[in-house]
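As a basis for the values below, the full set of heavy atoms in this structure was taken, side chains included, without hydrogen atoms, waters or symmetry mates. Numbering starts at 1 and runs along the sequence shown.
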Amino acid sequence: MSVIGLKKADCKNCYRCLKVCPVKSITFENDRAEIMPYECIQCGHCLEACPQNAKKLHSDKTKVLELLAGDKKVYVSLAPSFHAGFDFEEEGQVVTGLLKLGFAGVDETVTGAALVSKAYADILKEHSMDNALTTCCPAINNLVERHYPELTKYLLPVITPMVADARYIKEQHGRQNCKVVFIGPCIAKIGEKDDPMYSGDVDAVLTFEEVSEWFDSKGIVLRDLEPTPFMGDANGIHRSYPITDGIVGSVNHFGGYGDYDALKISGVDECIDVLKAIRDGQLHNAFIEINACKGGCVYGPVVGENKRKRFQATIAIEKYAKKEDASPLPEIGFSMKKQYIDKKHKEEMPTEEQIREILRKTGKNTPEDERNCGFCGYPTCRDKAIAVFQNKAKLAMCLPYMSELSNSMSNVILEETPNMIIAVDSELKIVEFNQAAQDAFGLTRPEALQKYIYEVMDSSAFEAVLETGENITDRKVSYQHLGIVTLQNITYVPEHNLVIGVFKDITSDEQQQEHMYKLRSDTMDMAQKVIDKQMMVAQEIASLLGETTAETKVTLTKLKDMIVYDEQGE
């Protein structure tokens, strides 16, 4: 299961998550970021960096509600960094608030932390390890197991405070009779609870953010509540676990770290550096307090909205740790041991020729072409090429390549289009004059870029568009001195305060239309002459027919009279 997911509609391919991911466990499918769970160390950097808030966190809230509705008591193991997550005056007010939500009791996770420190001290006294890495931070444990598995032998073989405290609570109240919910600032704890080696020690994990929202939804204001004590004994110095030097101080309480040299490292980048130093044999005899969050758990990725409060919380935790002495360790009947293993995902590596071929596809034909700008999220162009080979990255993630491609295509379009393209700035100074415009106006581009538009042509249309912001479309303009007719579209670009004119040469179209008009006109004249002639012929025929008809009538009349006369004479 991936602890961090993605809101599918929100990812904008900005690559911000990949840039901050220390192990590059993010790929892009269908133009959306995807977490690779087998490589993700669950540090939460991508969750914090996403400007679109496209990342979403797995939530156990529904499961917790189901547990509270069940027939078993549900207890809380509260991370000692809770000063950074909630607004209160007394620590016990947080306990009261959690009881109001339905929990049966609240223990500080530092009970488990004290048990872990004691286990560390016992191992360190034996001095059986060249270097010893603390294992309280599950994100670091993920980092070693998934990316530097050859260094698992340097992880102190001890469970985390969360698991230790959960086992302690269940041992106190009966493992079959209760459930344990951990509440803290850590994303990696969500994944840790599902580790099969822990066999259900922790039943659910909630973040400080989730619980704060839960308090708000129930109208619970912690500052208004009466304080309730935690279930466990006072933990004193062990409460400093979530801040830098806290683990070392806690181990010192149990006799220290023997002959080792103590080293405090926080922040994933520094943690990776120290792991590489150990791998390369540059560091020896060191007991290393190592934490993925810079400054400690108090700076966890899900402490809450007011992250500036963490500075104040650091001071509050230091004071809280000194408030009372640590109580003696409780007797336990469970194991504190943990075995860390190789979980590295094996990827096929490309050959040198395959790397060079991928680099060539983005215009990097020689090592000098490799800019290593890091925009894609990978430190070098070679790293990016390897990721492309492994289907973790795309060629289009290279900004210089896409910029050059875009410019190249733009230049081709600009130069090859038959349309004249002229752009002017707010002062009407020509800033673009393409090849078609150069041919039409008889000016070279360098010459044109030294002129204002009114020195080349009538500028009234450009001025009108610049003044009103209203575009002009399909405006026919004739330049008789050039022998051309143009159809002009003039557009205002507010983002750059530019006016761009695209002129289409329609001279041949106009000539064709003029020719067709003359042809139609001549045809109409000829048709009129034919009609006139036909009318004349018709009139002549009509006149002749009239005379012939009259003569015929006279002749027939005479013939009739003759016939009638002859008959009477007889």
Side-chain angles (χ1 to χ4, degrees), residues 3 21-25 36-45 116-117 119-164 186-189 191-192 195-198 241 244-248 251 257-294 296-297 336-349 378-379 383 386 390:
V3 173
C21 179
V23 294
K24 308 307 173 194
S25 63
M36 294 181 282
Y38 49 84
E39 292 194 0
C40 176
I41 65 172
Q42 301 165 1
C43 64
H45 285 9
V116 169
S117 291
Y120 285 167
D122 291 342
I123 296 172
L124 294 172
K125 289 173 185 176
E126 299 174 359
H127 208 104
S128 59
M129 306 169 70
D130 181 18
N131 293 294
L133 299 168
T134 60
T135 52
C136 302
C137 176
I140 294 301
N141 298 339
N142 289 335
L143 176 64
V144 176
E145 289 187 308
R146 296 176 183 179
H147 297 276
Y148 300 92
E150 67 275 20
L151 304 183
T152 53
K153 61 184 178 181
Y154 297 116
L155 290 171
L156 284 159
V158 180
I159 59 178
T160 64
M162 178 185 78
V163 176
C186 180
I187 290 174
K189 293 291 187 186
E192 183 188 20
D195 188 330
M197 291 188 180
Y198 294 139
Y241 245 67
T244 300
D245 206 29
I247 299 175
V248 170
V251 172
Y257 37 85
D259 295 330
Y260 286 100
D261 299 313
L263 185 63
K264 282 82 73 173
I265 300 294
S266 65
V268 180
D269 291 337
E270 287 191 12
C271 292
I272 290 176
D273 286 343
V274 80
L275 291 177
K276 289 180 178 178
I278 296 173
R279 180 195 63 188
D280 298 338
Q282 299 172 358
L283 186 64
H284 301 280
N285 198 53
F287 166 54
I288 305 171
E289 176 185 303
I290 186 167
N291 197 307
C293 294
K294 193 154 188 75
C297 303
M336 293 291 295
K337 292 182 179 180
K338 169 66 189 292
Q339 180 183 1
Y340 294 93
I341 61 176
D342 182 345
K343 295 182 181 179
K344 187 170 185 176
H345 181 73
K346 304 302 187 293
E347 292 278 7
E348 182 183 357
M349 292 298 293
Y378 290 91
D383 290 326
I386 293 171
Q390 296 172 343

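For T134 (side chain) and I290 (main-chain N/O), a donor-acceptor pair under 3.5 Å exists by modelled atom type.
For Q282, the CD atom sits in a packed shell: over 12 heavy atoms of surrounding residues, nucleotides or ligands are nearer than 6.0 Å. Taking a 6.0 Å sphere around CG of D280, one finds it holds more than 12 heavy atoms contributed by other residues, nucleotides or ligands.
Atoms SG and NE2, on C40 and H147 in that order, are 8.0 Å from each other to the nearest 0.5 Å. The NE2 atom of H45 sits 11.0 Å away from atom OG of S25, with the distance rounded to the nearest 0.5 Å.
Annotation: side chain to side chain contact (heavy atoms under 4.5 Å, CB included) contacts of C186 (sequence neighbours excluded): P138, A188, K189. Taking Y148 as the reference, nothing meets the ring-ring contact (aromatic ring centres under 6.0 Å, His included) condition, with sequence neighbours excluded. For K346, the side chain to side chain contact (heavy atoms under 4.5 Å, CB included) partners two or more places apart in sequence, or in a different chain, are D342, K344. In this structure, D273 has no side-chain hydrogen bond (donor to acceptor under 3.5 Å, both in side chains) partners at least two apart in sequence or on a different chain. Partners of E270 according to the side chain to side chain contact (heavy atoms under 4.5 Å, CB included) rule, which considers only residues two or more places apart in sequence or in another chain, are I265, K294. Applying the side chain to side chain contact (heavy atoms under 4.5 Å, CB included) rule to C293 yields the partners N291, P301; only residues at least two apart in sequence or on another chain are considered. Shown here are the ring-ring contact (aromatic ring centres under 6.0 Å, His included) partners of Y378, two or more places apart in sequence or in another chain: there are none. With sequence neighbours left out, the side-chain hydrogen bond (donor to acceptor under 3.5 Å, both in side chains) criterion links D195 to K338.
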Under 3.5 Å, which donor-acceptor pairs do the side chains of residues 151-162 form with other protein atoms, sequence neighbours left out?
from : atom 1 : to   : atom 2 : distance (Å)
T152 : OG1    : P149 : O      : 3.0
T160 : OG1    : E192 : OE2    : 2.6

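Of all the heavy atoms in G246 and E289, the pair that sits closest is N-OE1, 3.6 Å. Minimum interatomic distance between P22 and C43 (heavy atoms only, all atoms of both residues): CD-SG, 4.0 Å. Across every non-hydrogen atom of I272 and L143, the tightest pair is CG1-CD2, 4.0 Å. Y257 and V248 make their closest contact through CE2-CG1, 3.7 Å (heavy atoms, listed as atom of the first residue, atom of the second, distance). Taking both residues in full, the closest heavy atoms of E39 and E347 are given as OE2-OE2, 3.7 Å, listed atom of the first, atom of the second, then distance. Annotation for S117 and I247: closest pair OG-O, 4.4 Å, computed over non-hydrogen atoms.
Ring geometry for Y260 versus H127: interplanar angle under 30°, hence parallel rather than tilted (30 to 60°).
Residues in residues 261-282 take part in no ring pair (Phe, Tyr, Trp, His ring centres under 6.0 Å) pair, two or more places apart or across chains. A salt bridge (charged side-chain N to carboxylate O under 4.0 Å, His left out) check over residues 125-152, counting only residues at least two apart or in different chains, returns the pairs E145-K343. Residue pairs meeting the ring pair (Phe, Tyr, Trp, His ring centres under 6.0 Å) criterion with at least one partner in residues 264-285, sequence neighbours excluded, are absent.
Using a 4.5 Å cut-off on side-chain heavy atoms (C-beta onward), Y340 and T135 make contact. Side-chain contact between L283 and L263 is present, with heavy atoms from C-beta onward closer than 4.5 Å. Residues I140 and L133 are not in side-chain contact: their nearest non-hydrogen atoms beyond the backbone lie 4.5 Å or more apart.
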- Tell me, with the steps shown, if I288 and I278 meet side chain to side chain contact (heavy atoms under 4.5 Å, CB included). CA-CA 11 Å; I288 305 171; I278 296 173; 3.8 Å; yes
